[in-house]
Protein chains: 2
Amino acid sequence: MYVTSPIKTIESQITLSPGHCDEFPSTHEVTFREGDNLFYTGDEADYVYEVVEGVVRSSKVLADGRRQVLNFCYAGEMIGLSHDSYYHCDCDAVSKVRVRLHRKNAFMKDIENDPEFCLKLLRKAAAEVNNMQDHFLMLGRKNAVEKISSFLVAIMDRQNLAKLNSVIFDLPMNRSDIADFLGMTIETVSRNFTKLRKMGVIDLPSTHQVRVVEPARLRSLAENKT
Amino acid sequence: MYVTSPIKTIESQITLSPGHCDEFPSTHEVTFREGDNLFYTGDEADYVYEVVEGVVRSSKVLADGRRQVLNFCYAGEMIGLSHDSYYHCDCDAVSKVRVRLHRKNAFMKDIENDPEFCLKLLRKAAAEVNNMQDHFLMLGRKNAVEKISSFLVAIMDRQNLAKLNSVIFDLPMNRSDIADFLGMTIETVSRNFTKLRKMGVIDLPSTHQVRVVEPARLRSLAENKT
DNA sequence: CGAAGTATTGACTACCTTCAAAAATTGTGG
DNA sequence: CCACAATTTTTGAAGGTAGTCAATACTTCG
């Protein structure tokens, strides 16, 4: 037996479809409002979360409060699969969120009983590692414009908006989330959104919407200085 | 049947022991000299590499030459397990290196035939994702001193030197490698090694050796400003 | 409509980078 | 083993990008 919707991600990014885990009601849905916490670092990792609707944010925080956003999880993705029995990041709702909770016990049993499922997960984990390595390159080596550009390109690619000439999409997260994801400040994020707008590469119909006017140019800005 | 030495890492970090893959001579050893390339981005990923001796470096490079070192692999660790049929990073010998090559076909077969092995790999992948997330925090949010401190602490922990009061160990990689791993320049790396030395936290018997005089202080510097 | 929160813009600062030179280390040939 | 060249590392000085602090504008929500 399989659940209906696709399952994704370890710590938010491993994609598997179709999912497993419902011999019993080992699965149930919960709703969170914007800003609500799903789990904290150190909590017992009893569940694996599958985002059904909305966007969640995972993050780590230093003792003095500096925060790094690790990922934004969209519908169809999973978060909270840990290598041990505790969560290793905080997880919060960026928007109103509906999630399906999978009991970890049942989930792990499914993996053990289905080698193909396990292998698929492993392959997705490797793909995820590769994605994260690209993020390393961005955090470590790209400047502000390149970071913002990369961020927007990544969203386009993730939502299969890559091939369109001009695209408009939502940014459910606020400037603070973006800043903490890209390793910069909200001011620098804002300044560089403005910069891209003034360059004519993007337009900002509202603070939570982006129209990419010149996708090709944005893509080249994401990698090189121009 | 199992190979004798422990196997580690997907893209260098997933640890499994004991390893598999030797029903046939699907495994053989090769030696590389310092600076030699093991594989490049885009090469056919025919082998999974297990480091037996020495240290290898994986990295990604932007079009204009900016480089991000992704990881340093020590003896017992593996690199080159890709989610598809190509490598996604460059891999080079930091020192003289002996590696055991595992044919990918055989390796994958082993995974398929041994659910326990696969699950172990998956768990290690999740642990690795968590490690990489900590690296996100470092690249995105830590300053120069904190980066150098974190780097040294990570090496100590990796080599189980954590509990000693004063430790001395080798740094096989050069300043340029460290800079590209931590997302800074060689000058900043050098200046901050000097800074930590002048603070009395570490000593530098040679450019490729570090003595940690005050491990506890180094550890606190790795996370907070002091 | 007013208050609170978020985003943008501006002025100034700081940290890291860049450019440059000196010092130290490594490698090579006599 | 030493001398010299090449490379790497360290140190110095100047400059730039992003950060900080502060004020204004915009949005959201009661």
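Predicted, not measured: the structure shown is a model, and the values here were computed from it. Residue numbers start from 1 in every chain, and the chains themselves are labelled A, B, ... in the order their sequence lines are given, proteins ahead of strands.
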Practice task
Taking side-chain contact (heavy atoms from CB on, under 4.5 Å) as the test, write out the residues that go with A/S206, two or more places apart.
Solution key: A/H208, A/Q209

Practice task
Starting from the 5' end of DNA chain D, give me the residue, A/P205 or A/A144, whose nearest nucleotide shows up first.
Solution key: A/A144

Going by the salt bridge (charged side-chain N to carboxylate O under 4.0 Å, His left out) test, which pairs reach into [range], not counting sequence neighbours?
| range | answer |
| --- | --- |
| residues 206-216 of chain B | B/E214-B/R217 |
| residues 83-93 of chain A | A/R57-A/D92 |
| residues 180-194 of chain B | A/R141-B/D180, B/R67-B/D180 |

Distance check needed: [N] [atom2] versus [X] [atom1], whole Å only.
| X | N | atom1 | atom2 | result |
| --- | --- | --- | --- | --- |
| A/M184 | D/dT17 | CE | C1' | 12 Å |
| A/L139 | D/dA18 | CG | C1' | 15 Å |
| B/E146 | C/dC15 | CD | P | 12 Å |
| B/D180 | D/dT9 | CG | C1' | 15 Å |
| A/K142 | C/dT17 | NZ | P | 17 Å |
| A/E34 | D/dC29 | CD | C1' | 12 Å |
| B/N192 | D/dT9 | CG | P | 15 Å |
| B/L171 | D/dT8 | CG | C1' | 14 Å |

Practice task
Would you mind reading off the bend of the helix from C/dC1-D/dG30 to C/dG30-D/dC1 from its two end axes, five pairs each, to 10 degrees?
Solution key: 50°

What side-chain donor-acceptor pairs closer than 3.5 Å can you find for residues 196-204 of chain B, not counting sequence neighbours?
none

Exercise for the section: Can you check each nucleotide of nucleotides 4-9 of chain C against protein heavy atoms at under 4.0 Å and return B for base, S for sugar-phosphate only, - for none, in 5' to 3' order? Expected result: ---SBB

Practice task
If the plane angle is over 60° it's perpendicular, under 30° parallel, otherwise tilted; pick one for A/Y49 and A/F32.
Solution key: tilted

Practice task
Taking salt bridge (Lys or Arg N to Asp or Glu O under 4.0 Å) as the test, write out the residues that go with A/D170, two or more places apart.
Solution key: none

Handout entry: All salt bridge (Lys or Arg N to Asp or Glu O under 4.0 Å) counterparts of B/R98, not counting sequence neighbours
Key = B/E29, B/E53

Handout entry: N/O (side chain, A/T185) to phosphate O (OP1/OP2, D/dA18) under 4.0 Å
Key = no

Handout entry: Residue pair A/F181, A/H135: steps toward the ring pair (Phe, Tyr, Trp, His ring centres under 6.0 Å) verdict
Key = CA-CA 10 Å; A/F181 182 62; A/H135 202 66; 4.5 Å; yes

